[in-house]
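Chain letters run A, B, ... following the sequence lines, proteins first, then strands; residues in each count from 1. These numbers come from the heavy atoms of this one structure, side chains and all, not from hydrogens, waters or symmetry mates.
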Amino acid sequence: MTELPKCFNFKEVDAKWSTYWEEKNCFHAEANPEKPAYTVVIPPPNVTGILHMGHALNNTLQDIIIRYKRMQGCEALWMPGTDHAGIATQNVVEKQLAKEGKKRQDIGREAFLKRLWDWKKKYGGTIFHQLKKLGASCDWPRTRFTMDDGYSEAVKHVFVKLYKKGLVYRGEYIINWCPRCQTALSDEEAEHQDMQGHLYHIRYPFKENPGQYLIVATTRPETMLGDTAVAVNPKDERYSPFIGQKIVLPLINREIPIIADDFVDPEFGTGAVKVTPAHDPNDFGMGQRHKLPMINVMHPDARMNEEAGDFQDMDRFEAREAITESLRELKLLEKVEPHNHAVGHCYRCHTVVEPYLSKQWFVKMEPLAKPAVEAVKTGKIKFHPERWTKVYLNWMENIRDWCISRQIWWGHQIPVWYCVGDDKCKLECREPIVAETAPEKCPHCGSTNLRQDEDVLDTWFSSWLWPFATLGWPIKRSKNQEARSKEEADLKYFYPTASLFTAPEIIFFWVARMVMAGYEFMGEAPFSDVYLHGTVRDAQGRKMSKSLGNALDPLEIIEEYGADALRFSLIMNSGQDLFISKDKFEIGRNFANKIWNATRLILMNTDLANLKELDDVSQLDLPSRWIVSRFYTTLDNVSSAIEKYRYSEAESLIYDFFWKQFCDWYLEIIKDRWAEPSTQQVTLMILNESLKMMHPFMPFVTEEIWQNIHPESDALCQQPWPTIKKDHSDTTVENTMQTLLEVISAIRNLRAQWNIAPKETISCHFTSTNPEDLKLLEANSPILKSLAKLEEVVIDPQLPTIPNAASVIVGNIKGIIALGDIIDIDEEKKRIAQQINEQQKAFNSLSKRLQNANFLQKAPADVVEKEKERLATFEIKLQKLEQVLAELN
RNA sequence: GGGCGAUUAGCUCAGUUGGUUAGAGCACCUGAUUUACAUUCAGGGGGUCGAAGGUUCGAGUCCUUCAUUGCCCACCA
């Protein structure tokens, strides 16, 4: 008999097992043809990341499925790693530099990158330690980084491959430019927010007739300095006479034409639009259609440049004020109206993004999107919940080219070289040299004076390769045959992965692009299921964020409630978005403690020698058969809930079974029968198998208990998932037990109503019209006595006449309890009448339904049958109740 | 402007193809306890399932409209 501490001491236990699992290498997976593979790749957290609630939720979900599949006999691989997170990481080190009063340019690219790598070495592993505290069962020795050597090979390989296929191109277009980070951004990286702005109506004088104006409306007057036309709709009769005429651009006095373009909406503003091809994507399009000059009026940091005349060197917003003021003085400002519109912001630093003309690298997306659309439409890839399918398809079907070059230093430098050349240079030397390794000389002129493209690639251009680049793709030719074939086998075995768990925010950034990359480079979908979980919010529904100061730190929760509590509570709340406050974690803490104390009770009362498989359950008593049956039914339901990605449902099933049924009923029922070996056997078996079933959800407490019970055996995380034994599930047993439990509840109820203290002794006489019930009551009278706190139970086909008795009616069973002086006949009448009332309501609605010819005709036969049975039960119960009432009268 | 959700007990939410008298946890109230666990146990009150129509033998569940609310996408200057 073992004695455990009184409470589950998670502080010591959690740390012990994370270390143990890691040291014993419990989570390592290797290609094993004997077993099916089950792979999940972690959504790589940023290398700057520290664990937040979103991570905790995301990784708990993955850990549950991975531990479950591992126990089910799969070779389960959970691939860990981090993302270099270009701009985010660079920002961290730039801030450090700023404290020293330096900019990155001051120390140069090489020194700057060294600092970044140093930083990464020192802090980049933080999140892994935190994930281990959470219990994440990743295959840690496989940990990858999106900028490690092999991974960089993959990125270069992909760039070159796509370039050769014509899917990567370089061009000068309007892109989203962050003036603070001084880099291009993709469309997805520009976050649109509604802002209160103004619509400025400006008079543009005609050249031929300076007293007359055309009024244009704009939200950004500072860009007018770069105007190269004014556009109107060709069908707009107000303006058609002026098409082709010249306008003099105020402040700059440049002559610009009035052009006609369908893009212009005559309803909006004045119906006349200033055209600034270098500072607006729409205007850029018009500029190309009409072959307009493009005049860039800003420096990369959004100060006005030399094209801006008097406004040179002003910041863009300063210039907006100044220009408005000048126009007002010249009486060229018609009016200014308030105007709300969406303005793009940098997703990293929230600076207002400038549409900016610049030369960048792009990926042509349409050909890549095709198979990715197909895969989802045909169900090869499924989203959970399903509604995200539409979101994905909508984006894919309207896909635009992807700007992949960034003007920062931290990242994969673009594998492109330019011939800087000399006199011997030919025209072809202007062509970029695209290669996986640095070329020695220019293929055209032979010059060795080459310069690599200074830009780096978008972080997501490496993340989209994550599901296969982490598995060693592309296999290097240079390696020896043996190593190569091992790597090939590994890749083939673990790819494609099974399911992906992530947040809906990155469907476009990451999920969609991974699907495209999977098809393009591996010829296969990277995963078959995508589970998108909710956002973790605070109690008021606001997103948890550091800047709002409303974030709960998962590490603090682990410290205070334990990792199991954190995991269990998060999943319990994880239907849609999660609204979390600290007290939400009590449920998990309490449950872990309940498991602990149930174990404590069992170990105090049993001999572990009794722990063995149960083959024949038919000889067991009713409650034992009931709990065994309940366990296997629950196990079956839990397994299918996990398979269907219904995690909170799986947890409720476990919670209800273990706490309400096993602890509150079964362990109470057998309280006086610990001495019987069969009791010990059943109890130990249920505990043992429940530990396995609960382990994926609460790995620490279950592992600790397991090792206490089985000091000689393997860790719980390596045990097989319990086999579902259908023959141990028995609905008849469950229903019979249900009746018994109802009788007990009814008597407890009666006690409460009559205010009878538990110590007060009462006796009950039972009868039933069904002989089976009598047998049942007879056989279980000790249980009845103990749980309903009865002095005596008499089974009596003929009930005696007892004055001052209260009645208990459950189905066919009737019990009477002599209450002597306590009873107030009128009260008892009321009580019975109330019960009759309730029953009558149900009876009426049901009998009405059964009298309806349409119902009998149209409803399915089994439904009708069931309803008839129900009606019969109601009828009997009603009769009994009425009989009791009559006797009282 | 387009798309996707949400609305069920005081609070947070389950409720899987329509079919028992709509459930759980928390909170609240009553009671228990020489206790495996006060991180416990037994019991109780509390809901015309956002509103109005419709389909159906039958609607929390399906359809339409509306209201409130959240999120995503979007180049009307």
Nearest listed nucleotide, side chain of [X], among [options]:
X        : options                : answer
A/Arg589 : B/rU39, B/rC75, B/rG43 : B/rU39
A/Arg870 : B/rC4, B/rC76, B/rU20  : B/rU20
A/Lys390 : B/rG19, B/rC75, B/rC4  : B/rC4
A/Thr219 : B/rU39, B/rA77, B/rU12 : B/rA77

*Crowded around A/Gln196 CD? As in, over 12 foreign heavy atoms under 6.0 Å?*
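Yes, CD of A/Gln196 has more than 12 neighbouring heavy atoms, counting only those of other groups under 6.0 Å.
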*Residue A/Lys848 excluded, over 12 heavy atoms near NZ under 6.0 Å*: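 12 or below, so no.
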_Nearest heavy atom decides the nucleotide; on that basis, is A/Ala859 or A/Asn749 closer to the 5' end of RNA chain B?_
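That would be A/Ala859.
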_Base, sugar-phosphate or nothing for A/Gln857? Non-hydrogen atoms, less than 4.0 Å._
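The answer is nothing, as A/Gln857 stays clear of every strand by at least 4.0 Å.
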*Looking across every strand, which nucleic acid part, if any, lies under 4.0 Å from A/Phe10 by heavy atom: base, sugar-phosphate, or nothing?*
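Result for A/Phe10 = nothing.
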_Closest non-hydrogen atom pair, A/Leu667 against A/Ala598_ =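 That closest heavy-atom pairing would be CD1-CB, 4.3 Å.
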*asked:* According to ring pair (Phe, Tyr, Trp, His ring centres under 6.0 Å), does anything in residues 585-607 of chain A pair up with another residue at least two apart or in another chain? List the pairs.
replied: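 Pairs touching residues 585-607 of chain A that pass the test: A/Phe8-A/Trp596, A/Phe568-A/Phe591, A/Phe591-A/Tyr655.
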*Does the B/rC57 base have a donor-acceptor partner in the side chain of A/Asn852 within less than 3.5 Å?*
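Checked by distance alone, the answer is no.
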